[in-house]
Number of protein chains: 2
Amino acid sequence: MPNAKYDHQEAINKATRLFWAKGFHATSMRNIQQAIDMRPGSIYATFGSKEALFSKAIQHYTSTSKDRLNAYVESSTSPLTGLKKFIEDSIAGGQTSAPSTMCMLVKTIAELTDDNADLLAEAKRLLQDLESAFADVLARAQKMGEVDAARSPEYLARYLQMQIMGLRTYAHMQGSKEQVMELIDGVFHSLTGQEHLSP
Amino acid sequence: MPNAKYDHQEAINKATRLFWAKGFHATSMRNIQQAIDMRPGSIYATFGSKEALFSKAIQHYTSTSKDRLNAYVESSTSPLTGLKKFIEDSIAGGQTSAPSTMCMLVKTIAELTDDNADLLAEAKRLLQDLESAFADVLARAQKMGEVDAARSPEYLARYLQMQIMGLRTYAHMQGSKEQVMELIDGVFHSLTGQEHLSP
DNA sequence: TTTTATCTTGAACGATCGTTCAAGGGTAGT
DNA sequence: ACTACCCTTGAACGATCGTTCAAGATAAAA
(Lines give C-alpha, C1' and ligand atoms only; values in the text may rest on other atoms or scores of the structure.)
Protein backbone atom coordinates (compact mmCIF):
# COMPACT_ATOMS: atom_id res chain seq x y z
CA MET A 1 0.00 0.00 0.00
CA PRO A 2 2.11 2.82 -1.22
CA ASN A 3 -0.52 5.40 -0.58
CA ALA A 4 -2.18 4.23 2.58
CA LYS A 5 -3.47 7.07 4.70
CA TYR A 6 -5.51 5.10 7.19
CA ASP A 7 -4.60 2.50 9.77
CA HIS A 8 -7.04 -0.25 8.96
CA GLN A 9 -6.48 -2.07 12.24
CA GLU A 10 -7.29 1.04 14.22
CA ALA A 11 -10.34 1.58 12.03
CA ILE A 12 -11.58 -1.91 12.82
CA ASN A 13 -10.94 -1.30 16.48
CA LYS A 14 -13.03 1.86 16.52
CA ALA A 15 -15.77 0.28 14.40
CA THR A 16 -15.86 -2.65 16.83
CA ARG A 17 -16.44 -0.36 19.79
CA LEU A 18 -19.23 1.44 17.98
CA PHE A 19 -20.96 -1.75 16.82
CA TRP A 20 -20.55 -3.18 20.32
CA ALA A 21 -22.20 -0.15 21.87
CA LYS A 22 -25.06 0.37 19.45
CA GLY A 23 -25.59 -2.95 17.69
CA PHE A 24 -25.70 -3.71 13.99
CA HIS A 25 -28.91 -2.00 12.91
CA ALA A 26 -28.66 1.11 15.07
CA THR A 27 -25.16 1.80 13.79
CA SER A 28 -25.34 3.53 10.44
CA MET A 29 -22.52 3.67 7.95
CA ARG A 30 -22.53 7.42 8.50
CA ASN A 31 -21.85 6.79 12.19
CA ILE A 32 -18.98 4.57 11.15
CA GLN A 33 -17.64 7.17 8.71
CA GLN A 34 -17.48 9.72 11.51
CA ALA A 35 -15.99 7.34 14.07
CA ILE A 36 -13.15 6.08 11.91
CA ASP A 37 -12.78 9.29 9.88
CA MET A 38 -13.07 7.68 6.49
CA ARG A 39 -15.30 8.55 3.56
CA PRO A 40 -17.74 5.98 2.12
CA GLY A 41 -15.60 5.32 -0.93
CA SER A 42 -12.58 4.36 1.14
CA ILE A 43 -14.60 2.26 3.54
CA TYR A 44 -16.22 0.25 0.76
CA ALA A 45 -12.95 -0.11 -1.14
CA THR A 46 -11.34 -1.47 2.01
CA PHE A 47 -14.04 -3.55 3.66
CA GLY A 48 -16.63 -4.19 0.98
CA SER A 49 -19.88 -3.78 2.87
CA LYS A 50 -21.42 -3.05 6.26
CA GLU A 51 -21.86 -6.77 6.82
CA ALA A 52 -18.22 -7.50 5.99
CA LEU A 53 -17.06 -4.76 8.34
CA PHE A 54 -19.28 -6.09 11.11
CA SER A 55 -17.82 -9.51 10.48
CA LYS A 56 -14.33 -8.09 10.97
CA ALA A 57 -15.58 -6.41 14.13
CA ILE A 58 -16.91 -9.53 15.84
CA GLN A 59 -13.78 -11.43 14.82
CA HIS A 60 -11.66 -8.70 16.36
CA TYR A 61 -13.82 -8.75 19.49
CA THR A 62 -13.46 -12.50 19.87
CA SER A 63 -9.73 -12.46 19.28
CA THR A 64 -9.26 -9.73 21.86
CA SER A 65 -11.45 -11.56 24.36
CA LYS A 66 -9.42 -14.74 23.98
CA ASP A 67 -6.18 -12.82 24.45
CA ARG A 68 -7.54 -11.16 27.56
CA LEU A 69 -8.66 -14.50 28.99
CA ASN A 70 -5.28 -16.10 28.38
CA ALA A 71 -3.47 -13.10 29.84
CA TYR A 72 -5.48 -13.35 33.06
CA VAL A 73 -4.97 -17.09 33.30
CA GLU A 74 -1.23 -16.86 32.71
CA SER A 75 -0.70 -14.05 35.19
CA SER A 76 -2.73 -15.64 37.97
CA THR A 77 -1.74 -18.16 40.60
CA SER A 78 -4.24 -20.67 39.21
CA PRO A 79 -6.44 -21.13 36.13
CA LEU A 80 -9.63 -20.73 38.12
CA THR A 81 -8.67 -17.45 39.78
CA GLY A 82 -7.56 -16.19 36.39
CA LEU A 83 -10.91 -17.17 34.98
CA LYS A 84 -12.72 -15.34 37.74
CA LYS A 85 -10.64 -12.22 37.23
CA PHE A 86 -11.45 -12.35 33.54
CA ILE A 87 -15.17 -12.47 34.28
CA GLU A 88 -15.02 -9.73 36.90
CA ASP A 89 -13.07 -7.53 34.54
CA SER A 90 -15.51 -8.23 31.71
CA ILE A 91 -18.38 -7.03 33.83
CA ALA A 92 -16.97 -4.46 36.23
CA GLY A 93 -14.74 -3.12 33.49
CA GLY A 94 -11.17 -2.26 34.35
CA GLN A 95 -9.40 0.73 32.87
CA THR A 96 -10.39 -0.48 29.41
CA SER A 97 -13.85 1.04 29.82
CA ALA A 98 -15.76 -1.25 27.51
CA PRO A 99 -18.64 0.00 25.38
CA SER A 100 -21.02 -2.38 27.15
CA THR A 101 -20.98 -4.90 29.96
CA MET A 102 -22.83 -7.26 27.64
CA CYS A 103 -20.97 -9.68 25.43
CA MET A 104 -20.88 -8.33 21.89
CA LEU A 105 -21.58 -11.77 20.45
CA VAL A 106 -24.61 -12.23 22.67
CA LYS A 107 -25.91 -8.82 21.62
CA THR A 108 -25.38 -9.91 18.04
CA ILE A 109 -27.27 -13.20 18.22
CA ALA A 110 -29.99 -11.41 20.18
CA GLU A 111 -30.44 -8.78 17.49
CA LEU A 112 -29.84 -10.47 14.17
CA THR A 113 -32.22 -12.71 12.26
CA ASP A 114 -32.06 -14.81 9.12
CA ASP A 115 -32.03 -11.53 7.19
CA ASN A 116 -28.31 -11.60 8.03
CA ALA A 117 -27.85 -15.33 8.15
CA ASP A 118 -24.11 -15.25 7.52
CA LEU A 119 -23.38 -12.87 10.37
CA LEU A 120 -25.68 -14.75 12.70
CA ALA A 121 -23.98 -18.06 11.92
CA GLU A 122 -20.56 -16.54 12.40
CA ALA A 123 -21.45 -15.02 15.76
CA LYS A 124 -22.62 -18.43 16.93
CA ARG A 125 -19.43 -20.00 15.69
CA LEU A 126 -17.31 -17.43 17.49
CA LEU A 127 -19.21 -18.10 20.70
CA GLN A 128 -18.34 -21.76 20.30
CA ASP A 129 -14.71 -20.72 19.89
CA LEU A 130 -14.82 -18.88 23.18
CA GLU A 131 -16.47 -21.89 24.79
CA SER A 132 -13.56 -24.01 23.61
CA ALA A 133 -11.16 -21.55 25.20
CA PHE A 134 -13.05 -21.92 28.47
CA ALA A 135 -12.84 -25.70 28.15
CA ASP A 136 -9.06 -25.47 27.81
CA VAL A 137 -8.77 -23.39 30.96
CA LEU A 138 -11.14 -25.65 32.87
CA ALA A 139 -9.20 -28.74 31.84
CA ARG A 140 -6.09 -27.16 33.32
CA ALA A 141 -8.05 -26.29 36.48
CA GLN A 142 -9.13 -29.90 36.74
CA LYS A 143 -5.56 -31.15 36.57
CA MET A 144 -4.72 -28.84 39.45
CA GLY A 145 -7.68 -30.18 41.43
CA GLU A 146 -9.51 -26.85 41.46
CA VAL A 147 -12.57 -28.21 39.71
CA ASP A 148 -14.47 -31.47 39.88
CA ALA A 149 -12.84 -33.91 37.48
CA ALA A 150 -15.94 -36.09 37.25
CA ARG A 151 -17.48 -33.73 34.72
CA SER A 152 -16.03 -33.23 31.26
CA PRO A 153 -14.35 -29.92 30.49
CA GLU A 154 -16.83 -29.55 27.65
CA TYR A 155 -19.80 -29.74 29.99
CA LEU A 156 -18.16 -27.36 32.44
CA ALA A 157 -17.37 -24.91 29.67
CA ARG A 158 -20.94 -25.06 28.47
CA TYR A 159 -22.14 -24.39 31.98
CA LEU A 160 -19.70 -21.51 32.40
CA GLN A 161 -20.54 -19.98 29.03
CA MET A 162 -24.21 -19.96 29.96
CA GLN A 163 -23.41 -18.37 33.33
CA ILE A 164 -21.32 -15.63 31.76
CA MET A 165 -24.06 -14.85 29.28
CA GLY A 166 -26.47 -14.49 32.18
CA LEU A 167 -24.12 -12.51 34.39
CA ARG A 168 -23.16 -9.93 31.79
CA THR A 169 -26.73 -9.49 30.63
CA TYR A 170 -27.96 -9.15 34.19
CA ALA A 171 -25.27 -6.57 34.89
CA HIS A 172 -26.46 -4.56 31.90
CA MET A 173 -30.01 -4.61 33.21
CA GLN A 174 -29.33 -3.83 36.83
CA GLY A 175 -27.08 -1.14 38.23
CA SER A 176 -25.86 -2.56 41.51
CA LYS A 177 -22.26 -3.66 41.09
CA GLU A 178 -22.34 -5.15 44.57
CA GLN A 179 -25.19 -7.52 43.79
CA VAL A 180 -23.57 -8.60 40.53
CA MET A 181 -20.31 -9.42 42.33
CA GLU A 182 -22.35 -11.47 44.77
CA LEU A 183 -23.79 -13.41 41.84
CA ILE A 184 -20.32 -14.05 40.45
CA ASP A 185 -19.27 -15.50 43.78
CA GLY A 186 -22.37 -17.70 43.70
CA VAL A 187 -21.45 -18.99 40.28
CA PHE A 188 -17.92 -19.88 41.30
CA HIS A 189 -19.12 -21.64 44.40
CA SER A 190 -21.35 -23.81 42.25
CA LEU A 191 -18.41 -24.39 39.92
CA THR A 192 -15.98 -25.53 42.62
CA GLY A 193 -18.56 -27.49 44.61
CA GLN A 194 -18.35 -30.95 43.18
CA GLU A 195 -21.68 -32.43 44.18
CA HIS A 196 -23.99 -29.83 42.70
CA LEU A 197 -22.85 -29.61 39.15
CA SER A 198 -23.92 -33.00 37.98
CA PRO A 199 -27.39 -33.19 36.53
CA MET B 1 -66.17 2.28 19.43
CA PRO B 2 -69.27 2.04 17.31
CA ASN B 3 -67.32 1.37 14.18
CA ALA B 4 -64.45 -0.81 15.30
CA LYS B 5 -63.32 -3.18 12.61
CA TYR B 6 -60.15 -4.47 14.23
CA ASP B 7 -59.54 -6.41 17.41
CA HIS B 8 -56.88 -4.32 19.08
CA GLN B 9 -55.89 -7.03 21.53
CA GLU B 10 -55.32 -9.50 18.73
CA ALA B 11 -53.35 -6.84 16.88
CA ILE B 12 -51.09 -6.35 19.89
CA ASN B 13 -50.67 -10.08 20.17
CA LYS B 14 -49.53 -10.41 16.58
CA ALA B 15 -47.30 -7.36 16.81
CA THR B 16 -45.72 -8.82 19.94
CA ARG B 17 -44.81 -12.03 18.18
CA LEU B 18 -43.30 -10.13 15.28
CA PHE B 19 -41.27 -7.78 17.49
CA TRP B 20 -40.19 -10.76 19.59
CA ALA B 21 -38.94 -12.60 16.53
CA LYS B 22 -37.22 -9.76 14.70
CA GLY B 23 -36.46 -7.12 17.31
CA PHE B 24 -37.34 -3.43 17.34
CA HIS B 25 -35.18 -2.08 14.53
CA ALA B 26 -35.49 -4.97 12.10
CA THR B 27 -39.27 -4.85 12.33
CA SER B 28 -40.60 -2.13 10.06
CA MET B 29 -44.00 -0.55 10.36
CA ARG B 30 -44.76 -2.04 6.97
CA ASN B 31 -44.04 -5.49 8.43
CA ILE B 32 -46.46 -4.65 11.22
CA GLN B 33 -49.08 -3.41 8.79
CA GLN B 34 -48.98 -6.70 6.97
CA ALA B 35 -48.96 -8.86 10.11
CA ILE B 36 -51.91 -7.21 11.79
CA ASP B 37 -53.71 -6.27 8.56
CA MET B 38 -54.12 -2.60 9.35
CA ARG B 39 -53.21 0.45 7.31
CA PRO B 40 -50.81 3.09 8.68
CA GLY B 41 -53.57 5.57 9.43
CA SER B 42 -55.44 3.13 11.65
CA ILE B 43 -52.32 1.96 13.39
CA TYR B 44 -51.19 5.47 14.25
CA ALA B 45 -54.70 6.53 15.27
CA THR B 46 -54.84 3.55 17.62
CA PHE B 47 -51.32 3.24 19.00
CA GLY B 48 -49.64 6.56 18.32
CA SER B 49 -46.17 5.48 17.23
CA LYS B 50 -43.88 2.54 16.67
CA GLU B 51 -42.38 3.09 20.11
CA ALA B 52 -45.78 3.15 21.78
CA LEU B 53 -46.79 -0.05 20.02
CA PHE B 54 -43.56 -1.73 21.04
CA SER B 55 -44.22 -0.61 24.60
CA LYS B 56 -47.62 -2.30 24.46
CA ALA B 57 -45.91 -5.39 23.06
CA ILE B 58 -43.36 -5.82 25.85
CA GLN B 59 -46.07 -5.16 28.42
CA HIS B 60 -48.21 -7.83 26.83
CA TYR B 61 -45.24 -10.20 26.74
CA THR B 62 -44.51 -9.66 30.42
CA SER B 63 -48.11 -10.04 31.47
CA THR B 64 -48.41 -13.28 29.52
CA SER B 65 -45.16 -14.58 30.98
CA LYS B 66 -46.33 -13.91 34.52
CA ASP B 67 -49.63 -15.66 33.83
CA ARG B 68 -47.83 -18.64 32.41
CA LEU B 69 -45.52 -18.83 35.42
CA ASN B 70 -48.40 -18.69 37.87
CA ALA B 71 -50.35 -21.26 35.91
CA TYR B 72 -47.43 -23.71 36.08
CA VAL B 73 -46.88 -23.08 39.78
CA GLU B 74 -50.56 -23.54 40.65
CA SER B 75 -50.97 -26.70 38.62
CA SER B 76 -47.83 -28.37 39.96
CA THR B 77 -47.27 -30.42 43.06
CA SER B 78 -44.82 -27.85 44.39
CA PRO B 79 -43.65 -24.30 43.57
CA LEU B 80 -40.20 -25.46 42.55
CA THR B 81 -41.35 -28.10 40.10
CA GLY B 82 -43.77 -25.55 38.65
CA LEU B 83 -40.89 -23.14 38.27
CA LYS B 84 -38.84 -25.75 36.49
CA LYS B 85 -41.67 -26.62 34.14
CA PHE B 86 -42.06 -22.93 33.36
CA ILE B 87 -38.41 -22.67 32.42
CA GLU B 88 -38.39 -25.86 30.38
CA ASP B 89 -41.48 -24.72 28.53
CA SER B 90 -39.96 -21.29 27.90
CA ILE B 91 -36.96 -22.89 26.25
CA ALA B 92 -38.13 -26.14 24.72
CA GLY B 93 -41.39 -24.50 23.73
CA GLY B 94 -44.56 -26.49 24.18
CA GLN B 95 -47.41 -26.30 21.71
CA THR B 96 -47.29 -22.50 21.92
CA SER B 97 -44.38 -22.40 19.47
CA ALA B 98 -42.79 -19.16 20.60
CA PRO B 99 -41.14 -16.78 18.13
CA SER B 100 -37.80 -17.20 19.92
CA THR B 101 -36.32 -19.18 22.76
CA MET B 102 -34.77 -15.94 23.98
CA CYS B 103 -36.57 -13.70 26.42
CA MET B 104 -38.11 -10.79 24.55
CA LEU B 105 -37.06 -8.36 27.28
CA VAL B 106 -33.47 -9.57 27.14
CA LYS B 107 -33.47 -9.15 23.39
CA THR B 108 -34.81 -5.65 23.91
CA ILE B 109 -32.20 -4.50 26.42
CA ALA B 110 -29.55 -6.12 24.25
CA GLU B 111 -30.63 -4.18 21.19
CA LEU B 112 -31.83 -0.79 22.36
CA THR B 113 -29.69 2.18 23.33
CA ASP B 114 -30.30 5.61 24.79
CA ASP B 115 -31.75 6.55 21.41
CA ASN B 116 -34.87 4.84 22.78
CA ALA B 117 -34.33 5.61 26.43
CA ASP B 118 -37.97 5.23 27.43
CA LEU B 119 -38.33 1.76 25.94
CA LEU B 120 -35.02 0.67 27.39
CA ALA B 121 -35.99 1.83 30.86
CA GLU B 122 -39.35 0.14 30.62
CA ALA B 123 -37.86 -3.17 29.52
CA LYS B 124 -35.56 -3.07 32.54
CA ARG B 125 -38.50 -2.29 34.79
CA LEU B 126 -40.51 -5.19 33.37
CA LEU B 127 -37.58 -7.53 33.97
CA GLN B 128 -37.60 -6.42 37.60
CA ASP B 129 -41.32 -7.21 37.69
CA LEU B 130 -40.63 -10.74 36.52
CA GLU B 131 -37.87 -11.04 39.10
CA SER B 132 -40.36 -10.10 41.78
CA ALA B 133 -42.67 -12.83 40.53
CA PHE B 134 -39.81 -15.30 40.86
CA ALA B 135 -39.17 -14.07 44.40
CA ASP B 136 -42.79 -14.76 45.33
CA VAL B 137 -42.57 -18.31 44.04
CA LEU B 138 -39.23 -18.90 45.71
CA ALA B 139 -40.55 -17.62 49.04
CA ARG B 140 -43.32 -20.20 48.81
CA ALA B 141 -40.76 -22.85 47.95
CA GLN B 142 -38.77 -21.89 51.00
CA LYS B 143 -41.80 -22.30 53.28
CA MET B 144 -42.22 -25.77 51.89
CA GLY B 145 -38.56 -26.56 52.54
CA GLU B 146 -37.72 -27.00 48.88
CA VAL B 147 -35.12 -24.24 48.85
CA ASP B 148 -32.50 -23.08 51.32
CA ALA B 149 -34.14 -20.61 53.69
CA ALA B 150 -30.85 -19.03 54.69
CA ARG B 151 -30.84 -16.90 51.58
CA SER B 152 -33.38 -14.18 50.97
CA PRO B 153 -35.99 -14.76 48.27
CA GLU B 154 -34.70 -11.58 46.64
CA TYR B 155 -31.20 -12.98 46.29
CA LEU B 156 -32.52 -16.30 45.03
CA ALA B 157 -34.74 -14.56 42.50
CA ARG B 158 -31.79 -12.49 41.30
CA TYR B 159 -29.77 -15.65 40.91
CA LEU B 160 -32.59 -17.41 39.09
CA GLN B 161 -33.27 -14.46 36.80
CA MET B 162 -29.63 -14.43 35.79
CA GLN B 163 -29.68 -18.18 35.15
CA ILE B 164 -32.77 -17.96 32.97
CA MET B 165 -31.22 -15.16 30.95
CA GLY B 166 -28.19 -17.37 30.39
CA LEU B 167 -30.15 -20.53 29.65
CA ARG B 168 -32.50 -19.03 27.10
CA THR B 169 -29.70 -17.17 25.37
CA TYR B 170 -27.53 -20.27 25.28
CA ALA B 171 -30.43 -22.27 23.85
CA HIS B 172 -30.77 -19.71 21.09
CA MET B 173 -27.10 -20.04 20.24
CA GLN B 174 -26.79 -23.78 20.36
CA GLY B 175 -29.07 -26.35 18.84
CA SER B 176 -28.79 -29.35 21.11
CA LYS B 177 -31.93 -29.57 23.20
CA GLU B 178 -30.41 -32.40 25.18
CA GLN B 179 -27.45 -30.34 26.35
CA VAL B 180 -29.69 -27.43 27.30
CA MET B 181 -31.90 -29.69 29.40
CA GLU B 182 -28.76 -30.93 31.11
CA LEU B 183 -27.88 -27.32 31.94
CA ILE B 184 -31.34 -26.71 33.37
CA ASP B 185 -30.89 -29.70 35.65
CA GLY B 186 -27.53 -28.29 36.72
CA VAL B 187 -29.12 -24.98 37.60
CA PHE B 188 -31.81 -26.58 39.72
CA HIS B 189 -29.30 -28.73 41.54
CA SER B 190 -27.39 -25.59 42.47
CA LEU B 191 -30.68 -23.99 43.51
CA THR B 192 -31.76 -26.81 45.80
CA GLY B 193 -28.32 -27.52 47.16
CA GLN B 194 -28.06 -25.36 50.25
CA GLU B 195 -24.32 -25.03 50.71
CA HIS B 196 -23.36 -23.78 47.28
CA LEU B 197 -25.57 -20.80 46.77
CA SER B 198 -24.07 -18.55 49.40
CA PRO B 199 -21.31 -16.28 48.19
C1' DT C 1 9.18 16.09 -14.64
C1' DT C 2 6.10 13.08 -16.45
C1' DT C 3 3.84 8.76 -15.98
C1' DT C 4 1.62 5.26 -13.49
C1' DA C 5 -0.73 3.11 -9.91
C1' DT C 6 -3.22 3.56 -5.66
C1' DC C 7 -6.06 5.57 -2.50
C1' DT C 8 -9.41 9.19 -1.19
C1' DT C 9 -13.20 12.20 -1.83
C1' DG C 10 -18.12 13.67 -1.64
C1' DA C 11 -22.06 14.20 -4.35
C1' DA C 12 -25.57 11.36 -5.78
C1' DC C 13 -28.57 7.01 -6.33
C1' DG C 14 -32.64 4.19 -5.48
C1' DA C 15 -34.76 2.02 -1.63
C1' DT C 16 -36.88 2.10 2.53
C1' DC C 17 -37.71 4.26 6.96
C1' DG C 18 -41.54 6.23 10.40
C1' DT C 19 -45.25 9.15 9.93
C1' DT C 20 -49.13 12.31 8.25
C1' DC C 21 -53.56 13.63 6.35
C1' DA C 22 -57.25 14.62 3.19
C1' DA C 23 -60.67 11.72 1.32
C1' DG C 24 -63.84 7.82 1.53
C1' DG C 25 -66.80 4.22 3.83
C1' DG C 26 -69.89 2.50 7.14
C1' DT C 27 -72.85 2.38 11.28
C1' DA C 28 -76.04 4.51 14.66
C1' DG C 29 -79.40 7.98 15.85
C1' DT C 30 -83.13 10.91 14.19
C1' DA D 1 -83.55 9.15 3.99
C1' DC D 2 -80.58 12.08 6.20
C1' DT D 3 -77.22 13.70 9.36
C1' DA D 4 -73.46 13.04 12.52
C1' DC D 5 -69.68 10.66 13.96
C1' DC D 6 -66.01 7.37 13.95
C1' DC D 7 -62.95 4.60 11.68
C1' DT D 8 -60.29 3.22 7.69
C1' DT D 9 -57.76 4.00 3.57
C1' DG D 10 -53.53 4.64 0.70
C1' DA D 11 -50.92 8.04 -1.49
C1' DA D 12 -47.46 10.99 -0.21
C1' DC D 13 -43.78 13.40 2.78
C1' DG D 14 -39.11 14.38 4.30
C1' DA D 15 -35.43 11.88 6.34
C1' DT D 16 -32.16 8.50 6.34
C1' DC D 17 -30.56 4.02 4.87
C1' DG D 18 -26.45 1.24 2.41
C1' DT D 19 -23.94 1.84 -1.54
C1' DT D 20 -21.71 3.55 -6.00
C1' DC D 21 -18.57 6.02 -8.98
C1' DA D 22 -16.39 9.63 -11.63
C1' DA D 23 -13.10 12.94 -10.37
C1' DG D 24 -9.25 14.53 -7.54
C1' DA D 25 -5.17 13.90 -4.60
C1' DT D 26 -0.85 11.65 -3.50
C1' DA D 27 3.30 9.09 -3.67
C1' DA D 28 6.40 5.89 -6.09
C1' DA D 29 8.53 4.68 -10.71
C1' DA D 30 10.67 6.18 -14.93
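The sequence lines fix the lettering, A, B, ..., with proteins before strands; numbering per chain opens at 1. All heavy atoms count here, side chains included; hydrogens, waters and symmetry mates do not.
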When you measure from the side chain of Met29(B), which nucleotide among dT19(C), dG18(D), dT9(C) comes out closest?
-> dT19(C)
Closest to the Pro40(A) side chain, choosing from dG10(D), dG10(C), dG18(D) | dG10(C)
Axial cation check for Tyr155(B) ring with Arg151(B), 6.0 Å and 45° limits | yes
With respect to the side chain of Gln33(B), which nucleotide from dT19(C), dT8(C), dA11(C) is positioned closest?
-> dT19(C)
Heavy-atom nearest nucleotide on DNA chain D taken for Gly41(A) and for Thr46(B); more 5' hit belongs to Thr46(B)
To the nearest angstrom, how far is Asp115(B) atom CG from dT16(D) atom P?
-> 13 Å
From the list dA11(D), dT19(D), dT8(D), which nucleotide is the closest neighbour of the side chain of Arg30(A)?
-> dT19(D)
Cation-pi between Lys50(A) and Phe24(A): NZ/CZ under 6.0 Å from ring centre and within 45° of the ring axis?
-> yes
In whole angstrom, what separates Tyr44(B)'s OH from dT9(D)'s C1'?
-> 15 Å
Salt bridge flag under 4.0 Å for residues Glu178(A) and Arg158(B) | no
Minimum-distance nucleotide (side-chain atoms of Ser28(B) versus dT8(C), dC17(C), dT19(D)) = dC17(C)
Separation of dT20(D) atom C1' from Lys50(A) atom NZ, nearest Å, is 17 Å
What is the distance from CE of Met38(B) to P of dG10(D), rounded to the nearest Å?
-> 13 Å
What's the CG-P distance between Asp37(B) and dT8(D), to the nearest Å?
-> 11 Å
Can you check the Asp7(B) CG to dT8(D) P distance for me, whole Å?
-> 12 Å
State which residue, out of Arg68(A), Lys84(A), Arg168(A), fulfils the salt bridge (Lys or Arg N to Asp or Glu O under 4.0 Å) condition with Asp89(A).
-> Arg68(A)
Minimum-distance nucleotide to Ser49(B) side chain [options: dG10(D), dG18(D), dT19(C)] | dT19(C)
Within this structure, what is the NE2-to-P distance between His25(A) and dC17(D), rounded to whole angstrom?
-> 13 Å
Between P of dG18(C) and CZ of Phe47(B), the distance in whole Å = 16 Å
Basic-acidic side-chain contact under 4.0 Å: Lys85(A), Glu88(A) = no
Can you figure out which of dT9(D), dG18(C), dT9(C) approaches the side chain of Arg39(A) most closely?
-> dT9(C)
